[in-house]
Amino acid sequence: MNLRDLKYLVALADLRHFGKAAEACFVSQPTLSTQIRKLEEELGVVLIERAPRKVMLTAAGQDVVQRARRIVADVDEMKEAARRSHDPASGTLRLGVFPTLGPYLLPHAVPALREAFPQLELLLVEEKSDVLLQRLRDGQLDAALLALPLHDEQLHAQFLFEEPFVLAAPERHPLAQACGLHIDDLGHETLLLLEDGHCLRDQALDVCRLAGAQEKTGFRATSLETLRQMVAAGVGVTLLPALSVHAPVVQPAGIRLVPFADPAPTRRLALAWRKSSALDGFLRQVADVIGARARAQLG
């Protein structure tokens, strides 16, 4: 068994196709297939269920792939640690961010990171939080911007900033003229929310539960921009995170943004990475830069 064979197995598990996996690993398909069979013989179990035009992992294969991912990630981190011992701010940083934060934070955070670490190459991945967490655990990401709390003993989370919510209401809505809302003011409202899988949906639901508000049935948006347009069209009200309403974001006509009086509902953001990561020291610096820039933008 060697690291190369484990990489072949991980590629096959990801792509579920021998030809595509071989191409990704820069080998011929017969070579990859032969090495997978040798791995199966060495372990004494069948890892791959081979069917016409379909590749599936057996139960044993799923377990071995999970272990292989960790081994490959650990080796990559060891190589990266050795290379970065000379210059930790050079190289590539694979950074994940969820959709209701990325478009509004990154235009401010990325220039700050470039200024602080001019030799750093950022590879940005936008996915829902559960996908980011899995990729972080598997070693496919170096770090991810996520909402707290995180319940994962494998991960370290460094708090960055607290982002308040504002109420977005149609301009003729009774709450649109309020100077400062209280949570209780939402008690009789029905809110427009995002679809399942978005952490912002869970955060908004928490506010709804505190206020006694309800979710508008029959509608779930796929993005913040859809929510914004539905509010402007007079369909209902929603909660928007503060960064999503700051410049350079332009609000559509017909929408009013109403702030909450203290204590305003908020969400807490953090940069998370594996506790075993060789980039721990550098990622703490990255977190400091992102957090400072976000707090400055929020005022």
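Counting begins at 1 with the first residue of the sequence.
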Return all side-chain donor-acceptor pairs below 3.5 angstrom for residues 3-11, not counting sequence neighbours, or 'none' if the list is empty.
unit_1: Asp5; atom_1: OD1; unit_2: Gln35; atom_2: NE2; d: 3.0
unit_1: Asp5; atom_1: OD2; unit_2: Gln35; atom_2: NE2; d: 3.4

List the atom pairs, donor and acceptor, that lie under 3.5 Å between side-chain atoms in residues 131-141 and the rest of the protein, sequence neighbours left out.
unit_1: Gln134; atom_1: OE1; unit_2: Arg137; atom_2: NH1; d: 3.4
unit_1: Gln134; atom_1: NE2; unit_2: Asp138; atom_2: OD1; d: 3.1
unit_1: Gln134; atom_1: NE2; unit_2: Asp138; atom_2: OD2; d: 3.3
unit_1: Arg137; atom_1: NE; unit_2: Asp152; atom_2: OD2; d: 2.5
unit_1: Arg137; atom_1: NH2; unit_2: Asp152; atom_2: OD2; d: 3.1

Just wondering, more than 12 heavy atoms not from [X] lying within 6.0 Å of its [atom1]?
X: Lys128; atom1: NZ; result: yes
X: Glu215; atom1: CD; result: yes
X: Lys275; atom1: NZ; result: yes

Between [X] and [Y], is any pair of side-chain heavy atoms under 4.5 Å apart?
X: Asp142; Y: Leu123; answer: no
X: Val55; Y: Arg50; answer: no
X: Leu239; Y: Cys208; answer: no
X: Thr190; Y: Phe219; answer: no
X: Met1; Y: Leu43; answer: yes
X: Pro164; Y: Phe260; answer: no
X: Leu175; Y: Glu189; answer: yes
X: Ser244; Y: Thr100; answer: no

Any idea which heavy atoms bring [X] and [Y] closest together, and the distance?
X: Leu257; Y: Val245; answer: CD1-CB, 3.6 Å
X: Val289; Y: Ala116; answer: CG2-CB, 4.0 Å
X: Val258; Y: Ala178; answer: CG1-O, 3.4 Å
X: Ala211; Y: Leu186; answer: CB-CB, 3.9 Å
X: Gly102; Y: Pro107; answer: O-CD, 3.8 Å
X: His246; Y: Leu298; answer: CE1-CA, 3.9 Å

Tell me whether [Y] is reachable from [X] by hopping between hydrophobic residues (I, L, V, M, F, W, Y) whose side-chain heavy atoms are closer than 4.5 Å.
X: Val72; Y: Leu279; answer: no
X: Leu47; Y: Met56; answer: no
X: Leu283; Y: Leu106; answer: yes
X: Leu15; Y: Val27; answer: no

Lys/Arg N to Asp/Glu carboxylate O, [X] vs [Y], below 4.0 Å:
X: Arg228; Y: Glu225; result: yes
X: Arg284; Y: Asp288; result: no
X: Asp206; Y: Arg209; result: yes
X: Arg70; Y: Asp74; result: no

Looking at [Y], is its backbone amide N or carbonyl O close enough to the side chain of [X] to form a donor-acceptor pair, meaning the two atoms are under 3.5 Å apart?
X: Glu195; Y: Thr222; answer: no
X: Arg256; Y: Ala169; answer: no
X: Asp280; Y: Ser277; answer: no
X: Glu163; Y: Leu243; answer: yes
X: Thr238; Y: Leu192; answer: yes
X: Ser33; Y: Gln29; answer: no
X: Thr58; Y: Val46; answer: yes
X: Gln203; Y: Arg267; answer: no
X: His182; Y: Asp184; answer: no

Could you grab the distance from atom [atom1] of [X] to atom [atom2] of [Y], nearest 0.5 Å is fine?
X: Leu205; Y: Gln214; atom1: CG; atom2: CD; answer: 10.0 Å
X: Ser129; Y: Leu150; atom1: OG; atom2: CG; answer: 8.5 Å
X: Ile48; Y: Leu12; atom1: CD1; atom2: CG; answer: 4.5 Å
X: Phe159; Y: Leu269; atom1: CZ; atom2: CG; answer: 8.0 Å
X: Glu171; Y: Gln177; atom1: CD; atom2: CD; answer: 8.5 Å
X: Gln119; Y: Arg114; atom1: CD; atom2: CZ; answer: 13.0 Å

Handout entry: Glu162 and Arg268: CA distance, side-chain angles, deciding distance, side chain to side chain contact (heavy atoms under 4.5 Å, CB included) verdict
Key = CA-CA 5 Å; Glu162 195 159 1; Arg268 293 165 51 83; 4.0 Å; yes
Exercise for the section: Please determine, by modelled atom types, if Thr92 and Glu121 share a side-chain donor-acceptor pair under 3.5 angstrom. Expected result: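 Their side chains do contain a donor-acceptor pair, which is all the 3.5 Å distance test asks for.
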Exercise for the section: Using ring-ring contact (aromatic ring centres under 6.0 Å, His included) as the criterion, list what pairs up with Phe117, not counting sequence neighbours. Expected result: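 ring-ring contact (aromatic ring centres under 6.0 Å, His included) list for Phe117, sorted by chain: Phe282.
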Fill in the blank from the handout: Sorted by chain and residue number, the ring-ring contact (aromatic ring centres under 6.0 Å, His included) partners of His156 (sequence neighbours excluded) come out as Trp273
Practice task
Only counting residues at least two apart or in another chain, list the ones meeting side chain to side chain contact (heavy atoms under 4.5 Å, CB included) with Ala233.
Solution key: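 Ala233: side chain to side chain contact (heavy atoms under 4.5 Å, CB included) contacts with Val235.
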Exercise for the section: Keeping to residues at least two apart or across chains, list the ring-ring contact (aromatic ring centres under 6.0 Å, His included) pairs with something in residues 194-215. Expected result: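 ring-ring contact (aromatic ring centres under 6.0 Å, His included) check on residues 194-215 returns no pairs.
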Problem - Test log, rule side chain to side chain contact (heavy atoms under 4.5 Å, CB included), inputs Leu95 and Val286 - result: CA-CA 11 Å; Leu95 180 64; Val286 170; 5.7 Å; no
Handout entry: side chain to side chain contact (heavy atoms under 4.5 Å, CB included) evaluation trace for Arg16 with Leu57
Key = CA-CA 9 Å; Arg16 302 300 174 102; Leu57 294 172; 3.8 Å; yes
Handout entry: side chain to side chain contact (heavy atoms under 4.5 Å, CB included) assessment of Leu200 paired with Phe165
Key = CA-CA 10 Å; Leu200 180 58; Phe165 289 108; 3.3 Å; yes
Problem - Passing candidate, side chain to side chain contact (heavy atoms under 4.5 Å, CB included) with Leu124, options Val97, Leu145, Leu93, Val110 - result: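 Checked Val97, Leu145, Leu93, Val110 against Leu124; only one passes side chain to side chain contact (heavy atoms under 4.5 Å, CB included): Val110.
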